[in-house]
Amino acid sequence: MNDSAPFRPTRAPLFRLLLAALLLAAPAAGAHAAVAQQPAPATSPASIPSTPPGQVQPVAPGTRPAPTIPTLTLTPAVPQVYKVEYLSNGFIEVAHAVLTLTPAERSQARTLAATVAARVFAARPTLAEVDLSVYDKGSYAGFGGPLPLLTASVPQARLGAMTSWALGQGTYDRAWVNPGNLPAYREPDRVREVTPTLVSPGPQPRQNAAQIAQTTARIRGGLQGGFLYRARRGTEGVAALTFDDAPHPMYEPLLLDLLRRAGSRATFFVIGRNAAAYPYFVRDMAAQGHEVANHTYHHVRLPPLPTDEATNEMRWANEVLQGLTGKPVRYFRPPGGEYTPATLAAAQALGLTTVFWTDDPGDFQNPGDVLLEARLRRNLRPGGIVLLHDNAPQTLDVLREFLRVARRSGINLTTVGGLPK
């Protein structure tokens, strides 16, 4: 597809919008409209952050404020709508609507979601997609807090199908209803990947082995003792493009659209709980030829955890991802780049190679488009591994040009699995 002309989505038929707008007054469609009752959060109300983490997860300490995300106001207002944000990648626009419901409103979750999707499309007809996250009002703490009750991805052309599902007619493959049997909520660590770090080394022999493998992997490249920092020495014409913290319900379709237009493939290091709540985006990644990798289940630093808990973080994420893609998970990146000999061994026992990076332009610090693009250009090298984040607004701004620069430089940006090892 020619990537020089922006995509213009067509407006959904008016009758669909009117039908969905009427759903607000419609009674819940029995068991079809109900949302499974989610068990009480593992944290007490007092321990839930009073200030929502915001549209990015996790929130790294000491970063510059993120660019302001445009919002939509629905008129007349829908009381359950907490916010509606939207972004563009230069070709398409996507909106993310957050709803918060009281226990008495949960039986209306599907019809309310369909109503809001229709209202958002009507408010901004240029949108290609509306994504929805429906939360419990009492425990809502932003994207990094307790998981939603329901989520849905609604491309404009599929509003009618989503509306029918909301009314209890048929199925809809781009929706998820919380089953209430997920691992207990653990607040994600707000860490940013700065540099790979060996922490709490433990017994001396294991410490020495980990340090030797780390040094060898840095110098020689290739797979060394369960580590991968870059491709093997002498690699030409290829580098890996990686994104941490996926998937996010507004950024993911925009990012995948950009990569599709460029014909590029990448490795997504996915947070297991995010994959569980937005499974259709993980399936999209796999269907489009991207590589799905492990970034723990809750995005937590592993060194402070007992080994069995750290292992569970990796194992739970593996199970979610393999269940969605049907493929074994091969690669793992620890949050913050922090690991111990024990977590390295646990990853290997699960069949995972621990992957770090050579190029970190600091997109999560919101440095500005000009500086971010300059860093990406300066650090691009054959055999390298580029670290970006799927939920950084400025990455969307510069990615298209960076992909062009790489191509003109004779470097094919691909998956970690595509690197010579």
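Index from 1, following the sequence.
Counting only N and O atoms by type, the side chains of Thr100 and Gln80 include no donor and acceptor under 3.5 Å apart. Between the side chains of Asp136 and Ser139, a donor-acceptor pair is found at a separation under 3.5 Å. Between the side chains of Tyr331 and Thr354, no donor N or O sits under 3.5 Å from an acceptor N or O. Between Asn312 and Arg315, the side chains place a donor N or O and an acceptor N or O closer than 3.5 Å (distance only, hydrogens not considered). Residues Thr71 and Tyr86 have side chains that never bring a donor and an acceptor to within less than 3.5 angstrom of each other.
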Next item on the list: Walk me through it: do Asp360 and Arg375 pass the test salt bridge (charged side-chain N to carboxylate O under 4.0 Å, His left out)?
Entry: CA-CA 8 Å; Asp360 176 9; Arg375 289 173 176 173; over 6 Å; no
Next item on the list: Evaluate the side-chain hydrogen bond (donor to acceptor under 3.5 Å, both in side chains) criterion for residues Glu93 and Ser88: first the C-alpha distance (whole Å), next the side-chain angles of each, then the deciding distance (0.1 Å), finally the verdict.
Entry: CA-CA 4 Å; Glu93 288 183 338; Ser88 170; 5.1 Å; no
Note to self: For a side chain to side chain contact (heavy atoms under 4.5 Å, CB included) check, start with the C-alpha distance between Asp131 and Thr151, then their side-chain angles and the critical distance, and finish with the verdict.
What the structure shows: CA-CA 8 Å; Asp131 297 317; Thr151 73; over 6 Å; no
Margin query: I'd like to know whether His248 forms a ring-ring contact (aromatic ring centres under 6.0 Å, His included) with Phe143, so could you lay out the CA-CA distance, the side-chain angles of the two residues, the decisive distance to 0.1 Å, and finally the verdict.
Written below: CA-CA 9 Å; His248 187 284; Phe143 187 64; 4.5 Å; yes
Next item on the list: Test side chain to side chain contact (heavy atoms under 4.5 Å, CB included) on Leu182 and Arg273 and set out the steps.
Entry: CA-CA 9 Å; Leu182 302 172; Arg273 68 188 300 277; over 6 Å; no
Next item on the list: Let me see the working for Val416 and Thr242 under side chain to side chain contact (heavy atoms under 4.5 Å, CB included), right down to the final yes or no.
Entry: CA-CA 8 Å; Val416 170; Thr242 69; 3.7 Å; yes
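Ion pairing between Glu401 and Arg377 holds under the 4.0 Å rule for side-chain N and carboxylate O. Checked for salt-bridge contact, Arg283 and Asp173 miss the test: no charged N lies under 4.0 Å from a carboxylate O. Ion pairing between Arg260 and Asp284 fails under the 4.0 Å rule for side-chain N and carboxylate O. A salt bridge links Arg186 with Glu309: the closest approach of a Lys/Arg side-chain nitrogen to an acidic carboxylate oxygen falls below 4.0 angstrom. The pair Arg265-Glu291 does not count as a salt bridge, with every side-chain nitrogen at least 4.0 angstrom from each carboxylate oxygen.
Between Tyr172 and Trp165, the ring planes are tilted. Angles from 30° to 60° get that label.
Remark: Lys83 NZ to Thr73 OG1 distance equals 13.5 Å, nearest 0.5 Å. Distance check, rounded to the nearest 0.5 Å: NE2 of His290 to OG1 of Thr414 gives 10.0 Å. How far CZ of Phe121 is from CG of Leu127: 6.5 Å, rounded to the nearest 0.5 Å. Note that CG of Leu112 is 11.5 Å distant from CZ of Arg119, once rounded to the nearest 0.5 Å. Atom CG in Leu380 sits 7.0 Å away from atom CG in Asp359 (nearest 0.5 Å). With rounding to the nearest 0.5 angstrom, the CG atom of Asp244 is 5.0 Å from the CG atom of Leu387.
Judged by the 6.0 Å distance and 45° axis criteria, Arg333 is positioned over the aromatic ring of Phe269. A cation-pi arrangement, defined by a distance under 6.0 Å to the six-membered ring centre and an angle within 45 degrees of its axis, is present between Arg261 and Phe91.
A side chain to side chain donor-acceptor pair (under 3.5 Å) with Glu313 is found for one member of His298, His295, His299 and no other, namely His298.
For the pair Leu101/Val134, a side-chain contact is recorded, criterion being any heavy-atom separation below 4.5 Å from C-beta on. For the pair Leu413 and Leu403, the minimum side-chain heavy-atom distance is below 4.5 Å.
The ring-ring contact (aromatic ring centres under 6.0 Å, His included) search around Trp176 returns none, not counting sequence neighbours.
Side-chain atoms of Ser164 never come within 3.5 Å of backbone atoms of Gln169 as a donor-acceptor pair (strictly under, hydrogens ignored). Remark: side-chain polar atoms of Thr235 are not paired, donor with acceptor, to backbone N or O of Ala231 under 3.5 angstrom. For the pair Glu338 (side chain) and Pro335 (backbone), a donor-acceptor distance under 3.5 Å is absent.
Within the 6.0 Å centre-distance limit, the rings of Phe356 and Tyr339 are counted as a close aromatic pair. Phe243 has its ring centre no less than 6.0 Å from the ring centre of His389.
Within a 6.0 Å sphere centred on NZ of Lys421, heavy atoms belonging to other residues, nucleotides or ligands number more than 12.
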